[in-house]
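Here is the structure we will look at, set down as structure tokens.
Model, not experiment: these values are computed from the prediction. In each ligand, atom 1 is the first atom listed, and ligand 1 is the first ligand listed.
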Amino acid sequence: MTETVTSVLLSGNEAIAQGAYEAGVAFASGYPGTPSSEVLETLSRLTAIPVEWAPNEKAALEAAVGASLAGARALVTMKHVGLNVAADPLFTAAYTGIEGGLVVITGDDPGMYSSQNEQDNRHYAFAAQVPMLEPADSQEALNFARQAFELSEQFDIPVLVRSTTRLSHTKCVVHPETPELLQRTYEPAENRPKYVMIPAHARERHRDLLARIRRLRQVSNTEQFNRIEPGDTRLGIIASGIAYQCAKEVAPQASFLKIGMPFPFPGEVVQQFAASVDRLVVFEELDRVLEQQVRGLGLECEAKPDSMLTGELSVQSAAQVIRDEQAQPTTDALVPIRPPIMCGGCPHRPVFYILKKLKAYVTGDIGCYTLAVLPPLEILQTCLCMGAGVGQAHGIAQVYDGDRPIVAVIGDSTFVHSGITGLINMVYNQSAATVVILDNGTTAMTGGQYHPATGLNLRGEPAPQLNMVALCQAIGVERVRVVDPYDLQQLEETLREETTTEELSVVIARRPCVLLERKSLGRLEFDADACVACGLCLDLGCPALVQDSETEQRQPAIHATFCNGCGVCAQVCPRQALNIT
Ligand SMILES: Cc1ncc(C[n+]2csc(CCOP(=O)(O)OP(=O)(O)O)c2C)c(N)n1
């Protein structure tokens with residue numbers, strides 16, 4: 001028996017963690033990524049079970065599959081693109097099925113607030129044939145996360161729970177309950193026909209998967225996850241997630257079919273709903289997933305224009321699609337856009353300043369350092385997916401005969417995530433490019449999570465630290481150098497030497513993220529009389545130095561609140577007009 005404890009305000013992510021906790025989750029793993037990162041961080045505060053950051057999403061899912069094999073309820077979290085990385089084990093785990101409930105959280109990012117694409121991960125449920133639950137507020141996020149474990153065990157299948165940025169980060173009132181006490185002993189299952197996916201076994205398991213999905217379709221056609229909310233039958237709206245909230249605000253009087261389980265698609269409920277309303281409107285964010293299913297049933301419906309295939313949907317977009325005379329007036333709050341920039345004193349900045357000086361062709365990767373694509377640095381030429389910059393630099397170096405240094409830059413967390421295999425490829429195929437690992441000792445871009453090279457685990461406790469120098473040497477990189485990016489002279493000499501050798505080399509630019517240390521290294525003073533307005537310091541693009549709007553010359557004005565006294569600008573200044581005291 002569970003009891004309601006109280007009412008609290010929880011974000012979607014916190015609610016998912018609470019739901020997993022209430023379900024008696026015994027193992028959790030994931031890789032950070034907006035909007036999903038807070039799920040594991042919250043869970044680690046709720047319970048003493050192993051809650052882990054894995055080096056990447058595939059490793060996280062595979063570990064969770066292992067825990068599930070031993071009978072434990074296991075949770076995995078990742079952002080939408082993380083599921084691309086974990087897709088390989090996911091597709092076949094659908095065949096094998098599970099022992100302990102296995103739940104995979106995918107945090108999608110419509111509008112790309114913090115992502116390189118806005119893929120719609122509902123497609124994964126259809127492609128991998130795994131059920132998906134899609135909550136629309138924090139209470140549902142809690143309930144669905146909890147019920148996902150039950151569903152997983154009942155139907156012997158991993159379950160996907162899809163959140164989106166707005167749901168993950170919005171706080172609503174929820175009613176947490178006390179967690180289930182599962183009386184389980186954990187023992188790894190021995191069932192080779194089920195868990196060893198040689199073709200003979202896998203063929204059987206594929207047929208079994210289809211049968212499990214058929215049974216799950218019956219659940220989908222009940223009110224448990226796909227609910228008809230009767231209203232004015234002149235207008236019927238099919239919607240899910242945040243799109244449901246927007247449509248509900250615009251047309252609260254309408255009849256709704258609220259989809260909480262898009263796969264298996266609830267065809268019977270949709271038919272029944274369509275037959276009960278005069279106008280049928282499908283309103284959904286990103287791709288036409290629900291709409292295509294509805295049309296596949298032979299039903300006519302209205303839906304959004306192509307212009308709404310990208311970005312978040314709002315109350316106003318709902319009003320535009322629903323076009324109902326009874327619709328409520330709408331106002332979308334205008335939130336000022338704050339463009340991202342590298343922090344004052346960011347240790348990545350000097351690396352880019354020097355690479356620009358060396359006229360390097362720089363393949364980029366994903367992290368704070370991607371911001372080096374923006375003025376005034378404008379040095380990054382690529383950003384594709386995590387780890388790709390290393391592979392791209394190798395491919396370029398294999399065909400390019402010119403003089404420009406080919407340099408890949410990659411953050412420490414990204415290197416551990418998926419840069420290592422690319423580097424092994426470079427060693428094996430004798431690349432002559434340079435790889436710069438920007439080692440700021442954290443996963444800064446997503447909020448400063450620990451990773452295997454930081455020496456701390458998710459709870460901030462000491463953990464074995466991956467030695468990146470030894471690792472590079474062990475895989476066969478002969479030239480590995482470590483530099484302090486604040487020491488501009490040493491940095492320039494090292495990068496000049498390493499980018500002009502004919503061999504593969506790795507330069508590790510090591511200096512903690514300024515948000516990690518949060519300490520001032522000195523006070524920056526500006527001597528206006530010595531300044532010749534050459535603007536070299538402004539070329540660094542540090543927010544602590546801005547062009548003086550009064551003189552309109554390339555003379556800096558100092559914004560001391562952004563300055564950590566790193567002294568890089570003082571080293572750039574040819575006239576000693578900038579000094580650290
Ligand atoms: C497959 C995948 N997983 C997660 C993310 C989210 N993400 C973006 S950058 C990044 C790592 C950033 O850390 P690091 O490489 O150390 O660079 P930093 O931001 O510290 O400069 C992560 C986890 C992503 N974009 N893609």
Side-chain angles (χ1 to χ4, degrees), residues 29-41 53-61 76-88 90 104-109 112-119 121 124 165 168 340-343 345-352 363-373 377 380 382-390 408-423 435-456 458 466 468 485 508-517:
S29 184
Y31 183 71
T34 309
S36 66
S37 313
E38 300 83 9
V39 176
L40 289 192
E41 289 165 345
W53 288 129
N56 66 31
E57 294 84 353
K58 180 176 186 290
L61 177 53
V76 197
T77 69
M78 59 198 67
K79 68 182 284 151
H80 60 320
V81 281
L83 201 53
N84 302 338
V85 180
D88 203 2
L90 176 73
V104 182
I105 307 295
T106 160
D108 290 15
D109 189 14
M112 292 176 276
Y113 290 99
S114 195
S115 303
Q116 66 268 36
N117 76 19
E118 56 181 341
Q119 70 189 39
N121 273 7
Y124 266 111
T165 305
S168 283
I341 51 163
M342 279 188 234
C343 302
C346 173
H348 299 336
R349 183 176 288 108
V351 174
F352 292 114
T363 59
D365 225 297
I366 307 189
C368 291
Y369 50 97
T370 317
L371 294 168
V373 67
L377 292 166
L380 225 68
T382 68
C383 167
L384 183 62
C385 66
M386 288 187 78
V390 176
V409 292
I410 184 164
D412 48 342
S413 187
T414 304
F415 178 69
V416 177
H417 177 279
S418 48
I420 297 170
T421 39
L423 189 58
V435 175
V436 179
I437 302 174
L438 301 162
D439 181 8
N440 59 1
T442 186
T443 316
M445 179 79 168
T446 48
Q449 293 82 4
Y450 303 119
H451 61 71
T454 61
L456 297 169
L458 185 140
L466 174 72
M468 288 202 285
I508 302 178
R510 182 169 286 158
R511 175 58 82 155
C513 171
V514 286
L515 297 180
L516 211 60
E517 295 237 305

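- The proximity of Met445 to ligand 1, defined as any non-hydrogen pair under 4.0 Å, involves the side chain as well as the backbone.
- Of all protein heavy atoms, the one closest to atom 24 (C) of ligand 1 is Met386 SD, 3.4 Å.
- Cys383 and Asp365 get closest at one heavy-atom pair: SG-O, 3.9 Å.
- Look at His348 and you'll find a heavy atom under 4.0 Å from some atom of ligand 1.
- Of all the heavy atoms in Ala509 and Val351, the pair that sits closest is CB-CG2, 3.8 Å.
- Across all their heavy atoms, Asn440 and Pro347 have their closest contact at CB-CG, 4.4 Å.
- By the 4.5 Å heavy-atom criterion applied to side chains, Gln449 and Leu40 are not counted as neighbours.
- Checking Leu371, Asp412, Thr446 against atom 7 (N) of ligand 1, the nearest heavy atom belongs to Thr446.
- Both the backbone and the side chain of Ser413 come within contact range of ligand 1, each with a heavy atom under 4.0 Å.
- Residue contacts with ligand 1, taken as heavy atom pairs separated by less than 4.0 Å, involve Asn440 solely via side-chain atoms from C-beta onward.
- Taking 4.5 Å as the limit, every side-chain heavy atom of Leu377 sits out of range of all side-chain heavy atoms of Tyr369.
- Two residues are said to be in side-chain contact when any heavy atoms from C-beta on lie closer than 4.5 Å; Leu61 and Val104 meet this criterion.
- In this structure, a donor-acceptor pair under 3.5 Å is present between the side chains of His417 and Glu57.
- Every atom of ligand 1 is numbered from 1 in the order shown, and the set under 4.0 Å from a heavy atom of Gly33 is 6 (C).
- When all heavy atoms of Gly389 and Ala408 are compared, the pair lying nearest together is O-CB, 3.5 Å.
- Annotation: side chain of Val390 is not in contact with side chain of Phe415 (no heavy-atom distance under 4.5 Å).
- Nearest protein heavy-atom contact of atom 17 (O) of ligand 1 is Tyr369 CE2, 3.2 Å.
- Those atoms of ligand 1 with a heavy atom of Val81 less than 4.0 angstrom away are 1 (C), 2 (C), 24 (C), 26 (N).
- Contact annotation for Val85 and ligand 1: only side-chain heavy atoms (C-beta onward) come within less than 4.0 Å of the ligand.
- Less than 4.0 angstrom separates some heavy atom of Gly82 from each of these atoms of ligand 1: 1 (C).
- The side-chain hydrogen bond (donor to acceptor under 3.5 Å, both in side chains) with His80 is formed by just one residue from the set Asn117, Thr106, Thr165, Asp109; it is Asn117.
- No side-chain heavy atom of His348 sits less than 4.5 Å from a side-chain heavy atom of Pro485.
- At the top of the distance list for atom 6 (C) of ligand 1, counting protein heavy atoms only, stands Lys79 CD, 3.5 Å.
- Atoms of ligand 1 found under 4.0 Å from any heavy atom of Ala444 (numbered from 1 in listed order, with element): 18 (P), 19 (O), 20 (O).
- Ranking the protein heavy atoms by distance from atom 25 (N) of ligand 1 puts Gln116 OE1, 3.3 Å first.
- For ligand 1, the polar-atom distance check finds no N/O of Pro32 at less than 3.5 Å from any of the ligand's N/O atoms.
- Evaluated by nearest non-hydrogen atom to atom 15 (O) of ligand 1, the leading choice among Thr414, Thr454, Leu438 is Thr414.
- Residue contacts with ligand 1, taken as heavy atom pairs separated by less than 4.0 Å, involve Tyr31 solely via side-chain atoms from C-beta onward.
- The shortest side-chain heavy-atom distance between Tyr31 and Met78 does not fall under the 4.5 Å cut-off.
- Among all non-hydrogen protein atoms, the one lying nearest atom 8 (C) of ligand 1 is Ile366 CG2, 3.4 Å.
- Contact between Glu57 and ligand 1 is present, with at least one heavy atom of the residue lying under 4.0 Å from the ligand.
- Of the polar atoms of Thr442, at least one N or O is found under 3.5 Å from an N or O of ligand 1, judged by distance alone.
- Inter-residue side-chain proximity for Val81 and Ser115 is flagged as unmet; no heavy-atom pair is nearer than 4.5 Å.
- Applying the 4.0 Å criterion to heavy atoms of Gly367 picks out, from ligand 1, the atoms 9 (S), 12 (C), 17 (O), 19 (O).
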